[in-house]
Every structure is written in structure tokens, then in C-alpha cells.
Amino acid sequence: MEQFEVAPIFGQRLSLFGYDVSFTNSALFMVVVFVLLALFMSGGMKRQLVPGRWQMMVEGAVGFIDNLVQVNIGKGGKKFAPYIFSLFFFILFANLVGILPLAVIPGLHTFAVTSHITVTAVLAFVSFGIVLFVGLAKHGFKFFSLFVPHGAPGWLMPVIVPVEFISFMVRPFSLGLRLFVAMTAGHILLEVFGSFAVQGMSAGTSGSPIGWLVWIASMAMIIGVSALELLVCAIQAYVFALLTSLYLHDAVHLH
């Protein structure tokens, strides 16, 4: 489980006013994600009359998010496109960087920042805070009518309102947990099958044919899980951005 350990880069923890402010491997990989995202966007800022492949790729990414916002938020949703774009591509790049096979280089290993609940929870609660701010700023106390479904009979309100309130309040937890669990589970599966492969190879070289069978089966599972995790990286980023846009729709267009 060393791949999930948050550790200071320079070996010694720094303290400021009683708080640990060390520059950790988690912070380092978030900086790496930011730099990669900045480089990706820089290639699309040339605005050439005849766009190159890089510019077309960036414009396609912007168009994808713009379409997502238009479909799910609708009128007035374009102002949220920069935030949804930043959210989607930060998570996507962080997920992809987290599965890079840097461990083939002695002394290095990648760090998946989205496999830590602290990171995913901050993203989720910031998104939820924006939803609350937009809803209250636009509708005032009428925003709380969100907990009263239209057309529901009055005698059911003592049951419906608490249920709606609880379902609303668990949104940030479900957002953060979904991403955290998906990325952590994928890395743990790769670790488990990797250990099986090493043990199977060790047994095979010692003369056990079953060891080679275990190695082949483990390597097949590693390839399959790696392919699945690549898919999960994109899906989880999309789901996070999609649900955030849907929650913003509820805040903007109160029924």
C-alpha cells in the first residue's frame, strides 16, 4: 500500500503555526497535472485560421464540455462551462497520470491523487458549495422548495421533505466517494494481481508448472484490469462533471 502513502518530497516535514505544510508527493503530482493541462491548452490557443491537429483536439474538448453544459444546464449554463471544463480535465489528467507505469524506473512510482478521499472530497464539496450559492443567490429562500416535489400530497410532506433533504445533502459524499473508490479499487487490483504474477513466476522457476499457470492468468488479469482502468479514468471524470452539471441545473432552474 506504499503507493497510497502521502510523504514529504524532501524527506523532512515542515511545520508552520502548528500545521504541516510539507510539499508532498500528492502536491507534486497535482502540480504535474496542472502543468500537463496547461501544456494541453496552450496548443489550442494559437487560433490559426487553418487549425492543426493539436488545436482541433483542444477545440473538440472545449466543444464537448460546452455541449455537456448546454444539454444538462440549459439556458444560463454557459457561465459554468469554465468550471465544468476545469473539473473534468483535472480529474481526467489526474486519473491518467495516476496509472502511468513509472515504477519501471528504479526509485520512482506514480501517485494517483484521486485515490485519496481528501482530494475528491474537496472537489465534491466545492462543487456542492457552488450549487448552494447559485441556488440561494438566484432564488433566495424559495430554493428550499426543492425539497417539496411538485404535486405531492400534503399529508406525505413530513416523510417526503426529510427524505429529499437527506438525498440532497448526500450528493457531495456520493460524488467524492464514487471517484475515490473507483480509483483506489483499480490500483489495489493491479497490486494484488501483480503480487500473484511475481509469486507464480517464482514458483515456476522453481520447477512448478502450476506457478507458470498462475503467472499467465495473473498477467491476463493485469492486462484486463489496466484496460478497464483506462476506461474508468475517463468515465469517472465524465460522471463527476455530468452530475455537477445536473446539480447546477436544479439550482438554476428551480421547479
Side-chain angles (χ1 to χ4, degrees), residues 4 6 19 26 30 64-92 94-95 98 112-189 231-255:
F4 300 112
V6 178
Y19 293 95
S26 179
M30 280 191 273
F64 169 74
I65 297 299
D66 186 62
N67 181 67
L68 176 70
V69 169
Q70 291 293 334
V71 169
N72 293 290
I73 302 180
K75 184 180 179 181
K78 199 168 183 67
K79 66 181 74 172
F80 303 108
Y83 177 70
I84 300 296
F85 182 92
S86 302
L87 192 65
F88 174 82
F89 279 97
F90 175 81
I91 294 174
L92 178 62
N95 290 348
V113 296
T114 47
S115 67
H116 279 257
I117 189 64
T118 50
V119 175
T120 61
V122 167
L123 295 175
F125 279 99
V126 167
S127 300
F128 188 67
I130 291 173
V131 171
L132 287 177
F133 177 80
V134 170
L136 291 172
K138 187 175 179 63
H139 304 287
F141 288 107
K142 189 181 177 182
F143 177 70
F144 295 106
S145 65
L146 186 68
F147 307 135
V148 183
H150 181 70
W155 61 273
L156 277 177
M157 289 305 160
V159 176
I160 292 177
V161 172
V163 170
E164 289 292 330
F165 176 76
I166 293 172
S167 66
F168 181 80
M169 295 303 295
V170 300
R171 287 178 175 182
F173 298 98
S174 65
L175 271 178
L177 282 173
R178 183 182 292 107
L179 177 58
F180 154 71
V181 170
M183 297 309 299
T184 303
H187 283 67
I188 290 177
L189 276 176
L231 182 63
V232 168
C233 287
I235 290 176
Q236 288 301 320
Y238 176 74
V239 168
F240 204 105
L242 175 64
L243 291 178
T244 301
S245 63
L246 290 174
Y247 298 156
L248 283 169
H249 174 270
D250 292 340
V252 175
H253 306 287
L254 186 64
H255 297 295

I need the minimum non-hydrogen distance between [X] and [Y], along with the two atoms involved.
X	Y	result
V170	S167	CG2-O, 3.2 Å
N72	H249	O-CB, 3.1 Å
A94	T114	CB-CG2, 3.9 Å
Y83	S127	OH-OG, 2.6 Å
H187	A112	NE2-CB, 3.6 Å
V232	M183	CG1-SD, 4.5 Å

[atom1] of [X] to [atom2] of [Y]: how many Å apart, nearest 0.5 Å?
X	Y	atom1	atom2	answer
F240	L179	CZ	CG	6.5 Å
Q236	L175	CD	CG	10.5 Å
F80	I130	CZ	CD1	8.0 Å

Counting C-beta onward and ignoring hydrogens, is there a side-chain heavy-atom pair between [X] and [Y] closer than 4.5 Å?
X	Y	result
L132	F143	yes
V131	D250	no
V134	K79	no

T120 side chain to G176 main-chain N or O, any donor-acceptor pair under 3.5 Å?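 A pair under 3.5 Å: yes.
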Using a 3.5 Å distance criterion without hydrogens, assess whether the side chain of H139 forms a donor-acceptor pair with backbone atoms of V252.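 Such a contact is found between H139 side chain and V252 backbone.
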#### Entry: L242, I73, T244 screened by side-chain contact (heavy atoms from CB on, under 4.5 Å) with L68, the one that passes
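The single option meeting the side-chain contact (heavy atoms from CB on, under 4.5 Å) with L68 is L242.
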Parallel under 30°, tilted from 30 to 60°, perpendicular over 60°: which one fits the rings of F64 and F88?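 If you compare the ring of F64 with that of F88, the planes turn out tilted.
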_Determine whether Y238 and I235 satisfy the following criterion, side-chain contact (heavy atoms from CB on, under 4.5 Å), listing intermediate values before the conclusion._
CA-CA 5 Å; Y238 176 74; I235 290 176; 5.7 Å; no
Exercise. Could you point out which residue of F168, Y247, F133 forms a ring-ring contact (aromatic ring centres under 6.0 Å, His included) with F128?
Key: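 Running ring-ring contact (aromatic ring centres under 6.0 Å, His included) over F168, Y247, F133 with F128 returns exactly one hit, F168.
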*Audit row: V119, F180, side-chain contact (heavy atoms from CB on, under 4.5 Å) steps and yes/no*: CA-CA 9 Å; V119 175; F180 154 71; over 6 Å; no
_Stepwise ring pair (Phe, Tyr, Trp, His ring centres under 6.0 Å) check, F125 with F173_ = CA-CA 8 Å; F125 279 99; F173 298 98; 5.4 Å; yes
Side chain to side chain donor-acceptor pair (under 3.5 Å): pairs with one or both residues in residues 173-182, sequence neighbours excluded
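Sorted pair list comes back empty.
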